2 protein chains.
Amino acid sequence: MILKSQVEWVLHCCAILSALPENKYLATKDLAEFNGLPKEYLSKALQSLSQAGLLVSTLGPSGGYRLAKPPGEITFLDVIEAVEGKNSTFQCTEIRQKNPCRPKGYCEPAPCGIARVMGEADEAWRQKLRSVSLTDLSRMLTEGVPPELLQKSFEWILART
Amino acid sequence: MILKSQVEWVLHCCAILSALPENKYLATKDLAEFNGLPKEYLSKALQSLSQAGLLVSTLGPSGGYRLAKPPGEITFLDVIEAVEGKNSTFQCTEIRQKNPCRPKGYCEPAPCGIARVMGEADEAWRQKLRSVSLTDLSRMLTEGVPPELLQKSFEWILART
DNA sequence: GAGAGACTACTCGGATACAGTCTGTCCGAGTAAATCCGG
DNA sequence: CCGGATTTACTCGGACAGACTGTATCCGAGTAGTCTCTC
């Protein structure tokens, strides 16, 4: 069980888009180039975010993506669920119903204990991801980085906006 | 990102093996039949548990598997990691090193912020799974189930031990 | 100089391809208990 | 009746195959700015 590499990609892209001036768009091509990623496939991931309502896109020249909401209102979980889907990491197939000793037509009174534990673990994971916003991410990604590198990156991005 | 179905299978199998008398073995064939699972493929999963030191196997007739430790000393996480591996759900590929503005030979001072958050979420998930043992599981799976069904299942298993 | 039309750069969506993983099956080698057979 | 040889029932491990998912690539359709051309 491992997350798609797209998850890492779009999180980095979201961090960049957070730094963009109001109402400016950045093209997939530039996001791909800045992160050293395959443009076409990254595009698919960004489309997912767009469909999830996290990004807004514009066509034509100087088109591209921008955040659909303030970075403080977008969480890690939003981004990850947009790419991975909202399904729980554990799918209960009701194995207990296969028990040969089980009377026909017997109806289980409560959800399977295994599913319950797995569901709680999944929720703990999601809760942690829900607690971190893109604003928090920007802070974490910039602290400890030399100012001239930040400045240079910012200008690189701004020049393509 | 979804867990293998083998995870659900072996958790159910572990619950059954927890109920076994001391030093009694149950064959893969019977575990598969009781849970309505493909015997050969289930066998692969049980082998993983055996290699992880959670189960002990014996060859020959009346062979099979039993728990290697008291059920209170085996956790959900032990079982899941035996099947899924111990890798984190998130693999950081150090995208930030691809930044075209990054000076050559520049060395990152700290782990990537994204990897840190994802790692913490992963740890929250594992922590929850670490807190539930097979003893807890047995309690959860039996409560609310009619005594005659439990009795019948127990005899079914015991007859094949 | 202004307006209409052509051009360009981009997103979007579908089609396709390839590799790896998940799920499942089959079979032979090795092993331990049960059975059989000879003395 | 006893001990060794054979049979049997199981695990273990490897080989194999099909389906699905993840990782890409390519291209055509649609769109919004920009450019050009004509009046």
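The sequence lines fix the lettering, A, B, ..., with proteins before strands; numbering per chain opens at 1. Treat the numbers as computed from the prediction; the structure is a model and nothing was measured.
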Close side-chain approach of B:F76 to B:L137, heavy-atom, < 4.5 Å: yes

From CG of A:L49 over to P of C:dT11, roughly how many Å is that when rounded to an integer? 14 Å

In this structure, how many angstroms lie between the C1' atom of C:dA29 and the CD atom of B:Q47, rounded? 13 Å

A:K29, NZ atom: more than 12 neighbouring heavy atoms under 6.0 Å: no

Side-chain N or O of A:S43 versus OP1/OP2 of C:dC12: is the shortest distance under 4.0 Å? no

Can you tell me the distance, in whole Å, between the CZ atom of A:F90 and the P atom of C:dC22? 16 Å

In whole angstrom, give the distance that lies between atom CD of B:Q91 and atom P of C:dT21. 12 Å

Give a yes or no on whether the backbone of B:C14 and the side-chain of B:S18 come within a donor-acceptor separation of less than 3.5 Å. yes

In plain terms, say whether B:E22 and B:K24 are close enough for a salt bridge, that is, a side-chain N and a carboxylate O under 4.0 Å apart. no

Whole-Å distance, B:W9 CH2 to C:dT23 P, equals 7 Å

Take atom NZ of B:K4 and atom C1' of C:dT21, then tell me their distance rounded to the nearest Å. 8 Å

What pairs of nitrogen or oxygen atoms, one from the protein and one from nucleotides 25-28 of chain C, lie under 3.5 Å apart?
none

Side-chain (B:Q6) to main-chain (B:V83) donor-acceptor, under 3.5 angstrom: no

Under a 3.5 Å threshold, yes or no: a donor from one side chain and an acceptor from the other, between A:Q47 and A:S43? yes

Would you tell me if any nitrogen or oxygen in the side chain of B:Q6 comes within less than 4.0 Å of OP1 or OP2 on C:dG24? no

Taking the side chain as everything from C-beta on, heavy atoms only, tell me whether A:L149 gets closer than 4.5 Å to B:P103. yes

Salt bridge check, B:R102 against B:E108: does any charged N sit closer than 4.0 Å to a carboxylate O? yes

Is the closest side-chain heavy-atom distance between B:V56 and B:Y25 below 4.5 Å? yes

Charged N to carboxylate O under 4.0 angstrom, A:K128 versus B:E123? no

Looking at DNA chain D, which of residues 19-37 of chain A put a heavy atom within less than 4.0 Å of it? none

Under 4.0 Å from OP1 or OP2 of D:dG13: is there any side-chain N or O of B:Q51 that close? yes

For B:N99 and B:R96, indicate whether the former's side chain and the latter's backbone hold a donor-acceptor pair under 3.5 Å. no

In numerical order, the residues of residues 52-64 of chain B whose heavy atoms come under 4.0 Å of DNA chain D are B:S57, B:T58, B:L59, B:G60, B:P61, B:G64

d(CD, A:E8; P, D:dG22) in whole Å: 16 Å

